[in-house]
4 protein chains.
Amino acid sequence: MNSTWGKHIVYSLFGESHGPMIGITIHHLPAGIPLDFQAIKKEMDRRRPGSSPHTTPRKEADDFNIISGFFEGKTTGAPLTALIENTSRRSEDYDVLKDVMRPSHADYGAHVKYLGYNDHRGGGHFSGRLTAPVVFAGAIARQLLGLKGIRIEGEITSVAQQSLEGFTPQEDMKRAVKKAMAENDSLGGSLQIRGTGIPAGVGEPFFNSVESQLSHLFFAIPAVKSVSFGLGEGFASKKGSEVRDEMFFEKEGVVIPENFNGGVIGGITNGMPVVANLVIKPTSSIKQPQNTINVATRENTTLIVEGRHDPCIVLRALPVAEAMMAMGILELYMDYDYSGRWQE
Amino acid sequence: MNSTWGKHIVYSLFGESHGPMIGITIHHLPAGIPLDFQAIKKEMDRRRPGSSPHTTPRKEADDFNIISGFFEGKTTGAPLTALIENTSRRSEDYDVLKDVMRPSHADYGAHVKYLGYNDHRGGGHFSGRLTAPVVFAGAIARQLLGLKGIRIEGEITSVAQQSLEGFTPQEDMKRAVKKAMAENDSLGGSLQIRGTGIPAGVGEPFFNSVESQLSHLFFAIPAVKSVSFGLGEGFASKKGSEVRDEMFFEKEGVVIPENFNGGVIGGITNGMPVVANLVIKPTSSIKQPQNTINVATRENTTLIVEGRHDPCIVLRALPVAEAMMAMGILELYMDYDYSGRWQE
Amino acid sequence: MNSTWGKHIVYSLFGESHGPMIGITIHHLPAGIPLDFQAIKKEMDRRRPGSSPHTTPRKEADDFNIISGFFEGKTTGAPLTALIENTSRRSEDYDVLKDVMRPSHADYGAHVKYLGYNDHRGGGHFSGRLTAPVVFAGAIARQLLGLKGIRIEGEITSVAQQSLEGFTPQEDMKRAVKKAMAENDSLGGSLQIRGTGIPAGVGEPFFNSVESQLSHLFFAIPAVKSVSFGLGEGFASKKGSEVRDEMFFEKEGVVIPENFNGGVIGGITNGMPVVANLVIKPTSSIKQPQNTINVATRENTTLIVEGRHDPCIVLRALPVAEAMMAMGILELYMDYDYSGRWQE
Amino acid sequence: MNSTWGKHIVYSLFGESHGPMIGITIHHLPAGIPLDFQAIKKEMDRRRPGSSPHTTPRKEADDFNIISGFFEGKTTGAPLTALIENTSRRSEDYDVLKDVMRPSHADYGAHVKYLGYNDHRGGGHFSGRLTAPVVFAGAIARQLLGLKGIRIEGEITSVAQQSLEGFTPQEDMKRAVKKAMAENDSLGGSLQIRGTGIPAGVGEPFFNSVESQLSHLFFAIPAVKSVSFGLGEGFASKKGSEVRDEMFFEKEGVVIPENFNGGVIGGITNGMPVVANLVIKPTSSIKQPQNTINVATRENTTLIVEGRHDPCIVLRALPVAEAMMAMGILELYMDYDYSGRWQE
């Protein structure tokens with residue numbers, strides 16, 4: 001697995017669910033940036049399991065330990081490496097899963113690709129646990145973006161929409177999740193992530209479009225199955241005359257009031273908020289019998305996935321999605337920042 | 001603009017809508033591959049404007065001229081470069097557009113980023129015209145995949161769905177497009193692209209997930225605003241128990257009959273068809289007055305975009321999306337191909 | 001073959017010695033840069049065969065045709081592609097070389113790697129002819145560097161040193177080359193390339209050191225067999241006390257008078273001129289019988305390489321080496337330029 | 001700093017001389033490879049300070065701790081991360097060096113680039129200490145190469161050549177180093193690194209030539225100032241007729257007895273041993289007064305670099321250079337391995 005990403009800032013993700021530590025190295029950060037540890041911790045707490053009654057009871061501290069690139073309160077310019085210990089490892093839970101493939105999981109594809117040598121415990125490097133260092137990296141990206149006036153924020157836009165009437169996120173979500181938990185089931189949902197303060201001109205046509213870069217990162221989140229921008233799939237049923245992003249000079253500059261395109265047209269930003277919509281599938285690990293295969297005996301079998309699992313990871317996916325957007329916008333901004341200044 | 005993509009095979013796209021030529025260089029192709037020129041031409045004809053009464057009347061030959069990397073009927077291993085002439089350039093159509101920004105186009109973002117030096121005629125390098133060399137490259141990727149038993153195919157799944165009852169693609173689409181043309185309007189729609197014959201184990205978790213790589217390429221297509229896999233946005237309203245991808249050993253091997261996940265779980269293929277869904281927004285160039293800005297005078301103004309434009313590019317986007325999928329699957333397959341064979 | 005290089009500016013080289021055209025695409029150039037065509041032509045003339053009595057009589061015009069990325073006298077920000085026609089192709093000269101490998105040439109390695117499908121005529125993409133688009137790209141890199149006060153210059157430091165007494169480049173070189181030509185032999189030599197005006201702080205330790213990046217490019221020149229910086233191989237026989245680069249504050253700033261390290265220490269510039277030394281091996285194509293192999297018959301044989309060949313390419317390698325240094329310093333400078341300005 | 005390298009296998013280096021740990025992550029290793037820990041330790045011991053009376057008395061254990069990518073004795077395919085503790089940190093030695101720049105060191109360039117925020121203690125990420133994880137990575141690369149029959153080996157070819165008569169490495173070197181130590185001085189030298197068992201056809205012309213890739217890595221070693229291949233700088237004074245690499249079919253296959261080109265011609269291997277020559281400059285830290293600058297007071301000053309330093313790092317550079325060659329050949333081999341097998 002090549003778990004690196006980025007051209008300007010390069011992220012190198014490592015660790016496995018049941019190894020001693022996981023972590024991330026962030027290469028090419030500017031020197032002299034003070035890091036707000038409280039803000040980083042706050043982001044990581046949002047993702048942490050056990051942080052709310054609606055998420056998995058598996059508790060992990062997620063304390064990070066920076067071992068490189070940070071000196072006397074500021075970045076040094078050297079690669080910044082953070083380590084996070086895996087404090088809650090119960091490998092025995094996973095013994096049965098060495099040969100029996102969990103349905104809707106990466107187990108089977110990984111088994112074939114890595115010839116059975118991948119660490120099957122908790123999914124190994126495929127584990128959602130690896131999103132902890134991603135949130136760490138995103139928190140740092142956010143701080144860099146903040147120095148340029150760019151903010152990333154997100155919200156849950158739906159949870160198991162079909163079963164709720166008059167959806168009001170917090171209360172209805174709690175109720176729905178509670179019900180799913182009682183039924184040994186899980187729920188899908190959707191998120192919206194927005195970037196504001198991004199100037200016009202960020203991104204490029206074709207392979208380096210804003211949508212290309214951001215979707216690349218969003219789909220790196222294990223449970224994301226759909227990514228759209230602005231009106232998204234709504235465009236499929238529209239006429240051009242219904243979705244025109246008309247432009248006006250106002251006192252504050254150029255304004256595009258409707259923003260159907262979610263701040264990106266032709267791969268490049270237009271100064272409006274960048275709006276991305278993500279769909280999170282229901283957790284695959286449910287305590288119900290499922291048909292599956294045993295790759296050792298090559299027989300069909302039935303599996304109930306035991307262990308501590310979230311009935312709905314939409315809430316915990318939110319800070320991860322925000323982190324990915326921060327990393328993506330930072331990369332795009334750095335490219336933009338350079339391109340126009342050569343003749344200054 | 002950096003219009004390169006890929007690690008194993010590197011694609012380098014060049015040209016502008018109203019320059020003399022556009023083209024693409026494909027680096028790192030294996031040597032000795034015979035190219036089926038008829039198949040390439042057929043793909044390019046599917047994308048070509050004027051190839052159907054429902055597309056733009058602007059006619060272009062799209063004949064390609066290979067100047068490097070091909071000798072005596074086979075690839076040489078050297079970079080393969082194809083040139084396509086721009087035979088139908090009427091620059092005068094675009095004079096008004098130097099300062100007046102077309103709404104819902106990249107014009108404004110590009111103007112800001114490139115300080116006004118970008119070639120505004122026909123969108124320059126932002127033009128949909130640049131998808132011609134992409135289809136050329138995709139046709140070659142398809143031929144390489146074909147040697148491994150992998151096929152890429154696609155279809156239109158909707159056009160302006162809201163205005164049609166009992167949607168039956170061909171007839172209804174023709175009718176809807178005709179009506180939009182008469183109304184100086186345009187229509188959105190959606191596509192499904194499928195890859196079959198892809199073995200289990202292609203792709204990786206996180207940054208090199210199948211969905212990350214494919215969405216990166218799909219969103220490089222100018223009008224794509226949503227990309228999803230398998231059940232896609234449908235997952236948002238589902239319970240885990242409703243969308244489980246149960247697995248069985250059958251005579252033909254491992255089978256996952258439902259394939260809710262569209263052949264990809266945890267970023268890695270499971271041997272089932274890879275299914276991607278794309279939403280194409282309605283063409284932005286419509287012959288109706290739209291509010292916009294003049295960046296030279298810094299005043300608000302009104303614009304009717306004249307010229308030869310498609311009322312619905314869903315049909316022409318189909319071969320482009322298939323080409324992108326072929327390029328993406330080839331890249332992913334090459335990575336997979338290497339990873340398991342070291343000890344052989 | 002993957003003939004791309006670069007992260008900020010990406011160069012994509014294409015073409016083969018005996019195809020219709022060769023060329024290069026330069027991705028990610030800033031927009032609005034005026035190009036000095038006379039300066040580009042001057043550089044290309046320095047490399048062109050037949051430009052001096054001491055080089056190959058094969059004459060090629062080397063006129064370049066820019067088909068993308070340039071509009072109304074300035075770069076547009078789109079990929080800049082230049083094509084150069086191959087006007088002097090006599091393929092029949094090379095028929096014998098399909099199976100008989102030229103000693104000291106890439107023929108055999110290429111034959112094995114590309115399974116015999118590589119275009120053997122004139123070396124195909126391995127040909128020194130491909131350095132023409134490199135010089136084109138270098139000339140553009142020089143113009144960008146010039147806007148920042150950085151200059152690249154070079155000189156021949158030796159030709160066949162051992163056979164000359166009191167070496168004075170111009171006259172002695174002419175005499176030596178004339179003699180070698182008469183003897184159907186060829187001569188090696190050495191170059192020094194210098195970059196001045198480069199600020200302190202360009203480059204990085206380890207994999208992105210100035211020496212790493214520049215040597216990578218210098219060794220991309222077909223005949224280069226040694227690259228060193230500053231005192232270079234002279235360091236092997238020195239004590240630390242003999243080669244210390246002491247530093248002083250002078251009126252003009254920090255000065256390091258000796259500059260033993262050639263402007264780079266620990267991978268990073270110190271503000272002094274960057275000094276690189278290159279060794280060019282004698283041309284391999286000489287009109288003398290050589291022992292070699294026939295890969296078709298798998299027999300030993302003898303070959304006299306006919307055709308129009310340079311007795312000494314040191315002179316023509318000089319502008320190529322300067323071009324490579326310009327490309328390398330531009331890449332390094334762009335990285336530097338970004339790194340320090342985040343908090344401005 | 002971006003301390004990543006590689007396309008197939010990606011190396012991500014991190015840590016600073018006086019932080020708690022340094023390390024490396026190796027991405028994209030094949031799964032199922034058993035690692036020979038004894039062999040890794042042996043390589044690391046060769047580089048370790050204090051391992052011989054001729055090197056620095058600073059003792060460090062260099063024990064590595066693999067925290068990712070390794071399970072039940074074999075690689076898992078996940079990123080492989082090794083941590084090495086910095087057990088011997090005496091930061092107080094370096095207090096004076098915050099503002100006073102060590103001559104012939106990266107201090108000044110780093111100070112300018114990183115605005116004074118770089119960790120100055122022991123050079124931070126610029127430290128030779130960072131070569132420990134490089135040797136770790138190289139040891140793993142060697143094991144992968146070994147499975148393909150490729151061996152990397154090296155030797156010291158000179159130390160302070162000028163002061164020795166009848167140079168016989170071991171004894172004379174000891175004597176010379178002892179003398180330099182007594183004189184508070186240091187010595188340069190040279191190495192030869194060879195790769196055997198490499199098939200013909202590895203590498204490419206131009207930017208991915210074998211020499212480009214290997215020199216890129218060799219020059220990433222802090223004290224290397226010259227890299228050449230085969231006859232190297234000797235080519236400068238030769239005629240073509242004197243250095244022809246004639247080829248013969250022998251019983252064991254194609255043979256090129258002279259191998260003047262060090263196994264690489266036109267950027268591509270010819271099946272002969274790949275031979276690289278490196279020059280190592282004398283250590284810059286000597287206990288003699290040197291003129292330098294104080295960047296805080298902006299005054300000229302004098303510095304004697306105290307602390308524990310090697311009089312001659314040629315011996316310790318040898319395993320580092322071998323490691324770099326192993327990493328480079330592995331990268332090149334992986335590219336080669338793929339290119340010819342598409343049609344199988």
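Everything numeric in this text was worked out from a predicted model, so none of it was measured. Convention: sequence-line order gives letters A, B, ...; per-chain numbering from 1.
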When heavy-atom pairs shorter than 4.5 Å are enumerated against chain C, which of Gly116(B), Gly15(B), Gly23(B) gives the highest number?
Gly15(B)
Ring pair (Phe, Tyr, Trp, His ring centres under 6.0 Å) partners of Phe219(C), counting only residues at least two apart:
Phe229(D)
With sequence neighbours left out, write down each residue that passes ring pair (Phe, Tyr, Trp, His ring centres under 6.0 Å) with Phe70(B), or none if nothing qualifies.
Phe37(B)
Just to verify, what does Phe136(C) make a ring pair (Phe, Tyr, Trp, His ring centres under 6.0 Å) with, not counting sequence neighbours?
Phe64(C)
Quick check - list every chain B-chain C donor-acceptor pair under 3.5 angstrom, one line each.
| unit_1 | atom_1 | unit_2 | atom_2 | d |
| --- | --- | --- | --- | --- |
| Met1(B) | N | Gly77(C) | O | 2.5 |
| Met1(B) | O | His28(C) | N | 2.7 |
| Ser3(B) | N | His27(C) | ND1 | 3.0 |
| Ser12(B) | OG | Ser12(C) | OG | 3.2 |
| Ser12(B) | OG | His27(C) | NE2 | 2.8 |
| Gly15(B) | N | Ser68(C) | OG | 2.8 |
| Glu16(B) | OE1 | Gly69(C) | N | 2.7 |
| Glu16(B) | OE2 | Thr76(C) | OG1 | 2.8 |
| His27(B) | ND1 | Ser3(C) | N | 3.0 |
| His27(B) | NE2 | Ser12(C) | OG | 2.9 |
| His28(B) | N | Met1(C) | O | 2.7 |
| Ser68(B) | OG | Gly15(C) | N | 2.8 |
| Gly69(B) | N | Glu16(C) | OE1 | 2.7 |
| Thr76(B) | OG1 | Glu16(C) | OE2 | 2.9 |
| Gly77(B) | O | Met1(C) | N | 2.5 |

With a 4.5 angstrom heavy-atom cut-off, is it the side chain or the backbone of Leu13(C) that approaches chain B, or both, or neither?
backbone
Could you check which of Ile67(C), Ile26(C), Leu80(C) has the highest count of heavy-atom pairs closer than 4.5 Å to chain B?
Ile67(C)
